[in-house]
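Given the structure is predicted, the values throughout are model-derived calculations rather than measurements. Numbers here are sequence positions counted from 1.
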Amino acid sequence: MLFRSTYHHVDENIIRKKVSLRINREYGFVRWYSQLKKIQRYNSLFPGLFPEILNVSYDENEAYFDLDYLKGFRDLKTIFTERELSKEEIEKIVGALIDAFDTLHSIPLVPNKGASKLYYKEEVLQKIADSCISSDFESFYNKNDVYEYNGQMVHGLKNYLNELENYFSELQFGEEETIHGNPTLENTLYSFDENRVVFIDPYEESILDSRFLDYSQVLQCSSSHYGFINDREVSVKGNILSFDGQVPNNFNLFNEIFLHSFNDEKSLEVMRVFEATQFIRMLPFKIRALEDDKAKYFYVHACHLLSKVFK
């Protein structure tokens, strides 16, 4: 039984987000409610950047809230998958996304001293521990030091933990910002007619409210192709993992143009480290959804990304 769902309520032409009031409240209702409150705040701070909340209610054992259905808008993952886009079209999409991020990140926040270390503890170490509730994943994590990933040899996470811990112990931001928290391409809607981006499904439990965290989740999809791969099958045979699908070139061209917006090597490094940790953060969700093979594949992908940073 699903404990949360999102669907287009055709009769009322709204988007309804439902969640169980009983099942898996930590990964369901608590996150559902924090998202509701974040959308409420952002509708006041950034009009037009998120869909409007139309109603909040419940029936029997489920709560729900309704959002305005945005005609003519589709998520970027779907847009990039459907047809080949021209370079000019993708440049316009990147421009609209950067404009939306500039608006979203326009309110500075005083950083919490030590939050980077807490991020490492919670979003790396704790997420691995939470994922090991699956004995299958626990065995995969503990018994393999080296994996074959798409034809390349990749060391397991334990080889990078000391460097990761040091990295986050030293990582400091002069300021933080209001952020989305989960702006994957699937959570980014775009209208060709309006040349405008609208975000959906913000995430509150980010620990670090840094714009680099938002940018890294764009890379999670455009560089690492998370959304596209997640919709398809991966091959996991022992410690040999692969994905044999053909990723549309739209993702790669978008990624190239998006990265041209950043020319500071330190910023790019931070984004790359965050990109890797995104795949660790998601692991408990995959395990709870009984997607152990996807959890294994994306875990090893995180290790692959870290191998590029910590050479």
Taking all atoms of both residues into account, what is the closest heavy-atom pair of Phe80 and Pro248, and its distance?
O-CB, 3.6 Å

So, the side chain of Ser139 versus the backbone of Ser135: is there a donor-acceptor pair under 3.5 Å, distance only?
no

Would you say CZ of Phe262 has more than 12 non-hydrogen atoms from neighbouring residues, nucleotides or ligands within 6.0 angstrom?
yes

Where does the angle between the aromatic ring planes of His304 and Tyr149 fall among parallel (under 30°), tilted (30 to 60°) and perpendicular (over 60°)?
tilted

Crowding at CD, Glu52 (>12 non-hydrogen neighbours, <6.0 Å):
no

With under 30° as parallel and over 60° as perpendicular, where do the rings of Tyr226 and Phe279 fit, or are they tilted in between?
perpendicular

Stepwise, does the side-chain contact (heavy atoms from CB on, under 4.5 Å) test hold for Lys18 with Asp59?
CA-CA 10 Å; Lys18 301 184 72 171; Asp59 52 51; 4.2 Å; yes

Between Tyr190 and Asn195, do the side chains contain an N or O donor and an N or O acceptor separated by less than 3.5 Å?
yes

Of Glu291, Lys286, Glu186, Lys77, which is the lone residue that meets side-chain hydrogen bond (donor to acceptor under 3.5 Å, both in side chains) with Asn230?
Lys286

Under 6.0 Å from the CD atom of Glu233, do we count more than 12 heavy atoms belonging to anything else shown?
no

Check the angle between the aromatic planes of Phe243 and Phe228 and answer parallel, tilted or perpendicular using the 30° and 60° thresholds.
perpendicular

Is Arg272 paired with Glu275 through a side-chain N to carboxylate O contact shorter than 4.0 Å?
yes

After noting the C-alpha distance and the side-chain angles of Asn13 and His8, does the key distance pass the side-chain hydrogen bond (donor to acceptor under 3.5 Å, both in side chains) rule?
CA-CA 7 Å; Asn13 202 27; His8 181 200; 3.0 Å; yes

Using only atom types and a distance under 3.5 Å, with no angle test, would you say the side chain of Asp214 pairs donor to acceptor with the backbone of His180?
yes

Tell me if the CZ atom of Phe192 is crowded by more than 12 foreign heavy atoms within 6.0 Å.
yes

Check whether the side chains of Gln220 and Thr184 place a donor and an acceptor atom closer than 3.5 Å, and report yes or no.
no

Ignoring hydrogens and geometry beyond distance, is a side-chain donor-acceptor pair present between Gln126 and Asp130 at under 3.5 Å?
yes

Should Glu89 and Lys92 count as an ion pair when the cut-off is N to O under 4.0 Å?
no

Is there a donor in the side chain of Tyr215 and an acceptor in the side chain of Ser267, or the other way round, less than 3.5 Å apart?
no

Less than 4.5 Å apart, any side-chain heavy atom of Tyr69 and any of Leu54?
no

Using 30° and 60° as the class limits, which term best fits the ring planes of Tyr167 and Phe310: parallel, tilted or perpendicular?
perpendicular

What distance separates Arg281 CZ from Ile128 CD1, expressed to the nearest 0.5 Å?
13.5 Å

Give the cluster check for Leu70 versus Val197: same hydrophobic cluster or not, with ILVMFWY residues linked at side-chain heavy-atom distances below 4.5 Å.
no

Should we count CZ of Arg41 as having more than 12 external heavy atoms under 6.0 Å?
yes

Any chance the side chains of Lys17 and Thr6 put a donor and an acceptor closer than 3.5 Å?
yes

Looking at every non-hydrogen atom in both residues, tell me the closest pair between Phe212 and Phe173 and how far apart they are.
CD1-CE2, 3.6 Å

Heavy-atom closest contact (Ser131 atom, Pro284 atom, distance):
OG-N, 3.3 Å

Using a distance-only test with no angle check, is there a side-chain donor-acceptor pair under 3.5 angstrom linking Lys37 and Gln40?
yes

Using only atom types and a distance under 3.5 Å, with no angle test, would you say the side chain of Asn187 pairs donor to acceptor with the backbone of Pro202?
no

Tell me yes or no: between the side chains of Tyr297 and Asn150, is some donor less than 3.5 Å from an acceptor?
yes

When Thr78 is tested against each of Thr81, Asp75, Leu76 for side chain to side chain contact (heavy atoms under 4.5 Å, CB included), which residue passes?
Asp75

Using a strict 4.0 Å threshold on nitrogen-to-oxygen distance, state whether Glu122 and Lys127 make a salt bridge.
yes

Can you check whether Leu104's main-chain N or O pairs, donor with acceptor, with Glu177's side chain at less than 3.5 Å?
no

Looking at CG of Asn166 and CG of Leu171, how far apart are the two atoms once the value is rounded to the nearest 0.5 Å?
12.5 Å

Is Asn55 reaching over with its side chain to a backbone N or O of Asp66, donor-acceptor style, under 3.5 angstrom?
no

Parallel, tilted or perpendicular: which fits the ring planes of Tyr42 and Phe46, with parallel below 30° and perpendicular above 60°?
perpendicular

Answer with yes or no whether the hydrophobic clustering places Ile90 together with Leu185; edges join I, L, V, M, F, W, Y residues whose side-chain heavy atoms lie under 4.5 Å apart.
yes

